[in-house]
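See below for the structure under consideration.
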Protein chains: 2
Amino acid sequence: MCCDGELECPCPPVGLIDVVGKKWAMCVVTLLGYHGTLRFGPIQRSLPRVSPATLTATLRALEKAKLVVRTAKEPVRGAPVSYDLTARGKALYGNLLPLAEWLRSA
Amino acid sequence: MCCDGELECPCPPVGLIDVVGKKWAMCVVTLLGYHGTLRFGPIQRSLPRVSPATLTATLRALEKAKLVVRTAKEPVRGAPVSYDLTARGKALYGNLLPLAEWLRSA
DNA sequence: CGGAATCCCATACGATACTG
DNA sequence: CAGTATCGTATGGGATTCCG
């Protein structure tokens, strides 16, 4: 947990905050949770101000955190690549959704 | 919302992500939600690796987002200052808690 | 006690251009 | 199509010192 000092507190580990707190991470997770399987292009075009480098970094971080899986049918460059939430990612989405919706209304 | 492009998505505004995504913001909110009113010192000592400058910045950002209220009984420097969640902050805490607990177990 | 001031570094992010 | 390469800026955030 991020608080390991004087007071107890139910907050999550800093490492996960770093992942979830990345500027586009929540957006990618909600996009995948809402739409299911998506490819790089549509994700990028839904996040108009993200540069490809940043989006790649975000996806890699989510992959490393086992929240997202990357699937390339053929190992050829330029071949379609799909992204999906893992079971863990879907669980996160489930817990994230009420928060996201509240934030939208607030 | 952060996604305003091709695909629809229930994700929250980027501005709020920037606040909530700050390294220590979730911790401060959960601390205040869990314990109620707290002063600067105890918060700082519960987040062992936060510098006073950073904690101040975090608190100011939360204040600006109307999630936290700062109360100084006397306008004297050095007098005790209290921090509390606003109603809005408590609502956030309510939505945050399940997520935080899931993150802890994951 | 509750900060403010300063310094400094790491990194996050955007823009742009290029590639298999 | 799905990235990678490069560059530059902004900001985040830790450490430290000082102050009323």
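Below, chain A is the first sequence line, B the second, and so on; all start at residue 1.
- A heavy-atom distance below 4.5 Å is not found between the side chains of B:Met1 and B:Pro12.
- Residues B:Leu7 and A:Leu38 meet the side-chain proximity criterion, which asks for heavy atoms closer than 4.5 Å.
- Shown for residues 43-62 of chain B: residues whose heavy atoms fall under 4.0 angstrom of DNA chain C, namely B:Pro52, B:Ala53, B:Thr56, B:Arg60.
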Let me check something: any side-chain donor-acceptor pairs from residues 99-106 of chain B under 3.5 Å, sequence neighbours excluded? List them with distances.
unit_1   : atom_1 : unit_2   : atom_2 : d
B:Arg104 : NH1    : A:Cys11  : O      : 3.3
B:Ser105 : OG     : B:Trp102 : O      : 2.9

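- Each end of the helix from C:dC1-D:dG20 to C:dG20-D:dC1 gets its own rotation axis from five pairs of C1' atoms, and the angle between them is 50° to the nearest 10 degrees.
- An OP1 or OP2 oxygen of D:dG3 is reached within less than 4.0 angstrom by a side-chain nitrogen or oxygen of A:Tyr83.
- Within residues 64-74 of chain A, no residue has any heavy atom closer than 4.0 Å to DNA chain C.
- Between A:Val28 and A:Leu55, some side-chain heavy-atom pair lies under the 4.5 Å cut-off.
- Summarising the geometry, atom CG belonging to A:Leu62 is positioned 9.0 Å from atom CG belonging to A:Leu85; distances are rounded to the nearest 0.5 Å.
- Within the structure, the side-chain hydrogen bond (donor to acceptor under 3.5 Å, both in side chains) test picks out the following pairs touching residues 3-24 of chain B (sequence neighbours left out): A:Arg45-B:Glu6.
- Within residues 3-18 of chain A, no residue places a heavy atom under 4.0 Å from DNA chain D.
- Evaluation of the side-chain hydrogen bond (donor to acceptor under 3.5 Å, both in side chains) test over residues 50-66 of chain B, restricted to residues two or more places apart or in two chains, returns B:Ser51-B:Thr54.
- A salt bridge (Lys or Arg N to Asp or Glu O under 4.0 Å) check over residues 26-37 of chain A, counting only residues at least two apart or in different chains, returns nothing.
- Between A:Tyr93 and A:Leu32 there is no side-chain heavy-atom pair separated by less than 4.5 Å.
- For the disulfide (SG to SG under 2.5 Å) test, residues two or more places apart in sequence or in another chain that qualify with B:Cys27 are A:Cys2.
- Residue pairs meeting the disulfide (SG to SG under 2.5 Å) criterion with at least one partner in residues 45-76 of chain A, sequence neighbours excluded, are absent.
- When hydrophobic clusters are built by joining Ile, Leu, Val, Met, Phe, Trp and Tyr residues whose side-chain heavy atoms come closer than 4.5 Å, directly or via intermediates, B:Val69 is not grouped with B:Tyr83.
- Sorted by first and then second residue, the pairs that involve residues 25-42 of chain A and meet side-chain hydrogen bond (donor to acceptor under 3.5 Å, both in side chains), not counting sequence neighbours, are A:Thr37-A:Asp84.
- Proximity of A:Lys73 to A:Pro80: side-chain heavy atoms (C-beta onward) are nowhere separated by under 4.5 Å.
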## Note on the structure
Protein-proximity profile, nucleotides 7-12 of chain D, B/S/- by nucleotide at the 4.0 Å heavy-atom cutoff, equals ------
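- Hydrophobic cluster membership is shared by B:Leu96 and A:Leu97, with clusters built from Ile, Leu, Val, Met, Phe, Trp and Tyr side chains linked at under 4.5 angstrom.
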